[in-house]
Peer 1: 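This is the structure I want to talk about, given as structure tokens.
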Amino acid sequence: MSDESEPLSISEQLAGEYHSVFRNKDLIEPETIVDEDRIVGRDEQLNLIINTLKPALHDERPEDMLLRGPSGTGKTLCAGTVANKTMEIGAQRGVEIEYIEVNGKHKKSEHEAVHQIAHSLEVSLDLEQTAKRGISTSSKYDRIFEIIDEHLDLAIVVLDELDLLVGETRTKDEVPAFSDLLYNLTRSKRIGNMDSSISLIVTTNSPRSLMDGLNSRTASTFNPSEISFDDYDAYELTEILEYRRDAFREGVLGDGVIELVAAASAQGEGDARFAIDLLREAGNIVNRLEDDMVLERHVEQARNEVEKNYVADIVEKVSLQKQVSLLATALVAIHGNRVLERESVLRSNCVPSSVGYTLYRWVQEQSNSEVRSKHSYLRWMRELSTYEVIKNNRRGRGNEQGMFSEYAFPHLNPESIVQIIAEDDPLLSEIIEDEETIKTIARSNLKEFAT
């Protein structure tokens, strides 16, 4: 007879009872499009999107739209909800409409983005699927135009975080991948000789980067209606989370949990996606611990993990030039910290932009890669601050020496940043092993900056 204290086998544990605090976890999954009655604080934006898409139900092509605003402010949610409703009503009226979404952050090239559009259409319409490789980008466009013209009246294409679709292999003399994508899609009727139409909904956290990246021919054809999305405040975030309370079993959310999640998210950028992710991760922690209720301590445990995951995901997806800029800045923070702590002009863990750029140049030279201007470096770092990978402060040097930018790492420490960027790049991994040279460059330039 076996001892009752003997641990259960893996099979016995897996086959045992499972108790979860979730009742309908889909409500707090990142890709879920919720019903319109769960959307909070976006009546004005919803009405503008509705009025822009309504012509689709009356044999008119809707205008293209540019939804701009910080991450997690409901841009994609509102676009997807209205597009889905447009598609449903169209089906009732005999108007064939399909809605496709592509996220620029997850695509490395124009070809990948075009393939996803074609693939999504093929899956939705139950058509034969074409291969991802071995077919030119031009042929992929032809396939998209063919499908839409033969099977649809309108395709609504949401290009989410489009400014991140730069194209890994493109040089500074080439326009970003998103410029060519926009050009071909906005001119689809002429290029594809189509009777049907494509309507674009573009979302971006950085409208300036997007519009500055368009060449003249794209800028002349892409003239969207712009709709702004502001940060949510703590009250709105609380209301959003209350509308997702039924993702959990009744009574498992402790007092103050939703308010704490809302407050934590409002202190950042008013990001509803962050708030929902934080609430979900707190529930995951409770399940792993086999506890019965989600309490404030579980939220605090979840917060660091969610913040790190957000930053890590962004770092892995940005272009190589941005990664090297960030890597160099993190290396200055690591190897120059002794100087940063001692010099009165400097602050611990805050890297002056000029020193970060100097090390960026050195890294690029060691890898025989293109060295871009300081202006480009500053622009990339501003964009990374938009995504909260870094914090960008402007400070004065005193004695009428002017202003300068300095960069801090609010979520992931510099060591983690370096690890994420270098672990899958053998050349960068080899370069950063030369710690003595990096230390010399960082410290000497920091001292020179402080004098």
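All figures in this text were calculated on a predicted structure; none of them were measured in a lab.
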Peer 1: Report yes or no: does Thr73 contribute a side-chain atom to a donor-acceptor pair with the main-chain N or O of Asp230 at less than 3.5 Å?
Peer 2: no
Peer 1: Thr81 side chain to Glu36 main-chain N or O, any donor-acceptor pair under 3.5 Å?
Peer 2: no
Peer 1: Looking only at atom types and distance, does a side-chain atom of Tyr232 sit under 3.5 Å from a main-chain N or O of Ala262, one as donor and one as acceptor?
Peer 2: no
Peer 1: Inspect the surroundings of NZ in Lys54 and state if more than 12 heavy atoms from other residues, nucleotides or ligands are less than 6.0 Å away.
Peer 2: no
Peer 1: So, taking the atom named OG in Ser216 and the one named OH in Tyr183, what distance separates them when rounded to the nearest 0.5 Å?
Peer 2: 10.0 Å
Peer 1: Can you tell me if CD on Gln301 sees more than 12 non-hydrogen neighbours from other groups inside 6.0 Å?
Peer 2: yes
Peer 1: Ile334 and side chain to side chain contact (heavy atoms under 4.5 Å, CB included): which single residue from Ile417, Thr329, Val351, Val418 fits?
Peer 2: Val418
Peer 1: Angle between ring planes, Tyr407 versus Tyr377, binned at 30° and 60°: parallel, tilted or perpendicular?
Peer 2: perpendicular
Peer 1: Between the side chain of Glu98 and the main-chain N/O of Leu121, is any donor-acceptor distance below 3.5 Å?
Peer 2: no
Peer 1: Quick one: closest heavy-atom pair of Ala275 and Val261, and the distance?
Peer 2: O-CG1, 3.3 Å
Peer 1: Kindly say whether Glu406 contributes a backbone atom to a donor-acceptor pair with the side chain of Ser353 at under 3.5 angstrom?
Peer 2: no
Peer 1: What distance do Glu29 atom CD and Ile276 atom CD1 have between them, rounded to the nearest 0.5 Å?
Peer 2: 10.5 Å
Peer 1: Does anything in residues 60-69 form a side chain to side chain donor-acceptor pair (under 3.5 Å)? List the pairs, not counting sequence neighbours.
Peer 2: Arg61-Asp64, Glu63-Ser225, Arg68-Glu226, Arg68-Ser228
Peer 1: Tell me whether Arg42 forms a cation-pi arrangement with Phe229, defined as NZ or CZ under 6.0 Å from the six-membered ring centre and within 45 degrees of its axis.
Peer 2: no
Peer 1: I'd like to know whether Asp425 forms a side-chain contact (heavy atoms from CB on, under 4.5 Å) with Gln323, so could you lay out the CA-CA distance, the side-chain angles of the two residues, the decisive distance to 0.1 Å, and finally the verdict.
Peer 2: CA-CA 11 Å; Asp425 192 318; Gln323 286 185 340; 5.9 Å; no
Peer 1: More than 12 foreign heavy atoms under 6.0 Å from CD of Glu423: is that the case here?
Peer 2: yes
Peer 1: Does the salt bridge (Lys or Arg N to Asp or Glu O under 4.0 Å) test come out yes or no for Lys140 and Glu112, once each step is laid out?
Peer 2: CA-CA 10 Å; Lys140 285 288 183 183; Glu112 284 193 9; over 6 Å; no
Peer 1: Do the side chains of Glu281 and Arg288 get close enough for a salt bridge, i.e. N-O under 4.0 angstrom?
Peer 2: yes
Peer 1: Please find the pair of heavy atoms, one from Val294 and one from Gly283, that lie closest to each other, and give the distance.
Peer 2: CG2-CA, 4.2 Å
Peer 1: Taking atom NZ of Lys85 as the centre, does the number of heavy atoms from other residues, nucleotides or ligands within less than 6.0 Å exceed 12?
Peer 2: no
Peer 1: How far apart are the C-alpha atoms of Ile201 and Thr52, what are their side-chain angles, what is the distance that settles it, and do they pass the side-chain contact (heavy atoms from CB on, under 4.5 Å) test?
Peer 2: CA-CA 10 Å; Ile201 304 178; Thr52 305; over 6 Å; no
Peer 1: Check Leu48, Leu53, Leu200 against Met65 for a side chain to side chain contact (heavy atoms under 4.5 Å, CB included) and give me the one that passes.
Peer 2: Leu53
Peer 1: Of the non-hydrogen atoms in Ala113 and Leu165, which two are nearest, and what is the gap between them?
Peer 2: CB-CD2, 3.9 Å
Peer 1: With sequence neighbours excluded, what pairs up with Glu236 under the salt bridge (charged side-chain N to carboxylate O under 4.0 Å, His left out) test?
Peer 2: none
Peer 1: Do you know which two heavy atoms are closest between Leu326 and Met381, and how far apart they sit?
Peer 2: N-SD, 4.3 Å
Peer 1: May I have the step-by-step check of side-chain contact (heavy atoms from CB on, under 4.5 Å) for Phe178 and Thr218, ending in yes or no?
Peer 2: CA-CA 10 Å; Phe178 61 74; Thr218 306; over 6 Å; no
Peer 1: So, Asp180 and Arg217, do they make that salt bridge, N to O below 4.0 Å?
Peer 2: yes
Peer 1: Is a side-chain donor or acceptor of Glu161 paired with a backbone partner of Gly104 at a separation under 3.5 angstrom?
Peer 2: no
Peer 1: Go through the steps to decide whether Thr76 and Asp160 satisfy the test side chain to side chain donor-acceptor pair (under 3.5 Å), and finish with yes or no.
Peer 2: CA-CA 7 Å; Thr76 308; Asp160 200 17; 2.8 Å; yes
Peer 1: Counting only heavy atoms not in Leu289 (residues, nucleotides, ligands), do more than 12 fall under 6.0 Å from its CG?
Peer 2: yes
Peer 1: Once rounded to the nearest 0.5 Å, what's the spacing between atom CD of Glu305 and atom CG of Asn284?
Peer 2: 10.5 Å
Peer 1: Taking the six-membered ring of Phe22, is NZ or CZ of Arg280 closer than 6.0 Å to its centre and within 45° of its axis?
Peer 2: no
Peer 1: One pair to check against side-chain contact (heavy atoms from CB on, under 4.5 Å): Val175 and Leu214. What are the steps and the verdict?
Peer 2: CA-CA 7 Å; Val175 297; Leu214 303 181; over 6 Å; no
Peer 1: Without swapping roles, check the side chain of Asp35 against the backbone of Asp37 for a donor-acceptor pair under 3.5 Å.
Peer 2: no
Peer 1: Between Arg38 (side chain only) and Tyr243 (backbone N and O only), is there a donor and an acceptor less than 3.5 Å apart?
Peer 2: yes
Peer 1: Rounded to the nearest 0.5 Å, what separation is found between the OG atom of Ser325 and the NZ atom of Lys374?
Peer 2: 12.5 Å
Peer 1: Could you tell me whether the side chains of Asp26 and Thr32 share a donor-acceptor contact shorter than 3.5 Å?
Peer 2: no
Peer 1: Where the side chain of Asp126 meets the backbone of Val123, is there a donor-acceptor pair that is under 3.5 Å apart?
Peer 2: no
Peer 1: Find out whether Thr238 and Leu241 are in side-chain contact, i.e. whether some heavy atom of one side chain is under 4.5 Å from a heavy atom of the other.
Peer 2: no
Peer 1: Is a side-chain donor-acceptor pair under 3.5 Å present for Ser71 with Asp271?
Peer 2: no
Peer 1: Before giving the answer on salt bridge (Lys or Arg N to Asp or Glu O under 4.0 Å), spell out for Glu146 and Arg143 the whole-Å C-alpha distance, their side-chain angles and the decisive distance to 0.1 Å.
Peer 2: CA-CA 5 Å; Glu146 174 190 11; Arg143 176 61 172 160; 3.7 Å; yes
Peer 1: Which atoms form the tightest heavy-atom contact between Ile191 and Asn184, and what is the distance?
Peer 2: CD1-OD1, 3.6 Å
Peer 1: If the test is side chain to side chain contact (heavy atoms under 4.5 Å, CB included), which one of Leu66, Val102, Asn103, Leu182 qualifies with Leu162?
Peer 2: Leu182
Peer 1: For Asp142, enumerate each residue passing the salt bridge (charged side-chain N to carboxylate O under 4.0 Å, His left out) test, keeping only those at least two apart in sequence or located in another chain.
Peer 2: none
Peer 1: Where do Leu237 and Ala272 come nearest, in terms of heavy atoms and distance?
Peer 2: CD2-CA, 3.6 Å
Peer 1: Taking everything shown except Asp59 itself, do over 12 heavy atoms lie less than 6.0 Å from its CG?
Peer 2: no
Peer 1: Going through the checks in order, is the salt bridge (Lys or Arg N to Asp or Glu O under 4.0 Å) test met by Glu242 and Arg245?
Peer 2: CA-CA 5 Å; Glu242 285 289 351; Arg245 181 184 283 272; 3.0 Å; yes
Peer 1: If I take atom NZ from residue Lys107 and atom NE2 from residue His115, how far apart are they, to the nearest 0.5 angstrom?
Peer 2: 7.5 Å
Peer 1: In terms of heavy-atom contacts, does CZ of Arg190 have more than 12 from other residues, nucleotides or ligands at under 6.0 Å?
Peer 2: no
Peer 1: For Asn309, is there any backbone N or O sitting under 3.5 Å from a side-chain donor or acceptor partner on Asp313?
Peer 2: no
Peer 1: Using the side chain to side chain donor-acceptor pair (under 3.5 Å) rule, take Glu383 and Ser206 through it: C-alpha gap first, then chi angles, then the decisive distance, then the call.
Peer 2: CA-CA 7 Å; Glu383 290 176 16; Ser206 182; 4.8 Å; no
